[in-house]
Amino acid sequence: MSRLASGVVLVTAQEPPLDPDDPLAPRGEDVGMTATAFMSVSLDPPLVLVSLREGSRMDDLLDEQPLWAVSVLAESQRHIAGRFAMKGRVSDRLLFADIPYVRGEATGAPLAGGALATLECRTERRVPAGDHTLVIGRVLTAALPSADGGPLAYFRGRYRQLG
């Protein structure tokens with residue numbers, strides 16, 4: 001499958017507050033992960049799918065938090081893809097520290113600045129598939145914040161640019 005080129009996205013979500021009944025309780029931490037197994041499923045209704053490694057932090061979070069977001073990364077955002085793909089990485093708070101982002105209006109999840117497209121989603125269905133979970137989400141919002149540059153691609157184990 002390394003011979004199949006794919007786009008690269010940043011999947012993000014916000015952990016629920018520690019005490020959802022207390023409006024003054026600290027909100028949960030932002031979580032992010034790089035994904036290359038992402039696709040459009042349906043236009044009507046608008047559905048997308050992301051494949052998550054079973055038991056990963058994002059898989060566990062999206063099992064309890066139905067709201068999440070996707071930033072389609074541009075070729076100039078290879079550093080973001082690499083940072084959120086690291087194994088044994090530091091806390092996600094530090095990973096977001098110097099990355100420009102805005103919060104999604106529908107999800108509260110971070111949306112990477114400079115992304116080619118952003119989507120905010122609500123989980124419709126989770127499907128176990130071997131050592132992964134396929135998360136199907138209904139698209140709540142879609143935007144094209146940046147028209148500059150081409151997409152970041154992944155092919156034969158490396159990030160690539162088209163052209």
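One is the number of the first residue; the rest follow in order along the sequence.
In this structure, the separation between OG1 on T34 and CZ on R78 is 12.5 Å, given to the nearest 0.5 Å. Atoms CG and CG, from L10 and L95 in turn, are 10.0 Å apart once rounded to the nearest 0.5 Å. The distance from atom OG1 of T133 to atom CE of M58, rounded to the nearest 0.5 Å, is 12.5 Å.
T12 contributes no side-chain N or O that, together with a main-chain N or O of V31, makes up a donor-acceptor pair within less than 3.5 Å. Judged by distance alone, with hydrogens and angles left aside, the side-chain atoms of Q77 form no donor-acceptor pair with the main-chain N or O of P151 at under 3.5 Å. No donor-acceptor distance shorter than 3.5 angstrom exists from the side chain of R103 to the backbone of A109, with no hydrogens or angles considered. Under the 3.5 Å distance criterion, the side-chain polar atoms of E120 are left unmatched by any main-chain donor or acceptor of L140. No donor-acceptor pair under 3.5 Å is formed between the side chain of E124 and the backbone N or O of R138.
L111 belongs to a hydrophobic cluster whose other members, connected by ILVMFWY side-chain contacts under 4.5 Å either directly or through intermediates, are V102. The hydrophobic cluster of L144 has no other members, since no ILVMFWY side-chain heavy atom comes under 4.5 Å of it.
When every heavy atom of G55 is checked against every heavy atom of D60, the shortest pair comes out as O-OD2, 3.5 Å. What you find for L119 and A142 is that their closest heavy atoms are CD2-CB, 3.6 Å. Minimum heavy-atom separation, L152 to A81: CD2-CB, 3.7 Å. A pairwise comparison of heavy atoms in F96 and Y101 identifies O-CE2, 3.9 Å as the closest pair. For G114 against A74, the heavy-atom pair with the smallest separation is O-CB, 3.9 Å.
Residue pairs that meet the salt bridge (Lys or Arg N to Asp or Glu O under 4.0 Å) test with at least one member in residues 153-163, sequence neighbours left out, do not exist here. Contacts classified as salt bridge (Lys or Arg N to Asp or Glu O under 4.0 Å) and involving residues 125-134 (residues at least two apart or in different chains) are given here: D59-R126, D63-R126. Pairs engaging residues 107-163 under the ring pair (Phe, Tyr, Trp, His ring centres under 6.0 Å) rule: Y154-Y159 [sequence neighbours left out].
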Donor-acceptor contacts under 3.5 Å from residues 64-72 side chains, at least two apart:
{"residue": "Q65", "atom": "OE1", "partner": "L67", "partner atom": "N", "Å": "3.1"}
{"residue": "Q65", "atom": "NE2", "partner": "Q14", "partner atom": "O", "Å": "2.9"}
{"residue": "W68", "atom": "NE1", "partner": "T123", "partner atom": "OG1", "Å": "2.8"}
{"residue": "S71", "atom": "OG", "partner": "A112", "partner atom": "N", "Å": "2.9"}

Would you be so kind as to tabulate the donor-acceptor pairs closer than 3.5 Å made by side chains of residues 38-48, with sequence neighbours excluded?
{"residue": "S42", "atom": "OG", "partner": "D44", "partner atom": "N", "Å": "3.3"}
{"residue": "S42", "atom": "OG", "partner": "D44", "partner atom": "O", "Å": "3.4"}
{"residue": "S42", "atom": "OG", "partner": "P45", "partner atom": "O", "Å": "2.7"}

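Counting heavy atoms from C-beta on, the side chains of I99 and R83 come closer than 4.5 Å.
Residues that satisfy the side-chain contact (heavy atoms from CB on, under 4.5 Å) test with A129, not counting sequence neighbours, are L134. The salt bridge (Lys or Arg N to Asp or Glu O under 4.0 Å) search around E54 returns none, not counting sequence neighbours. Under the side-chain contact (heavy atoms from CB on, under 4.5 Å) criterion, A37 pairs with S51, not counting sequence neighbours. Every residue meeting the salt bridge (Lys or Arg N to Asp or Glu O under 4.0 Å) condition with E29, not counting sequence neighbours, appears here in chain and number order: R57, R93. For the side-chain contact (heavy atoms from CB on, under 4.5 Å) test, residues two or more places apart in sequence or in another chain that qualify with A35 are V9, V11, M33, V50.
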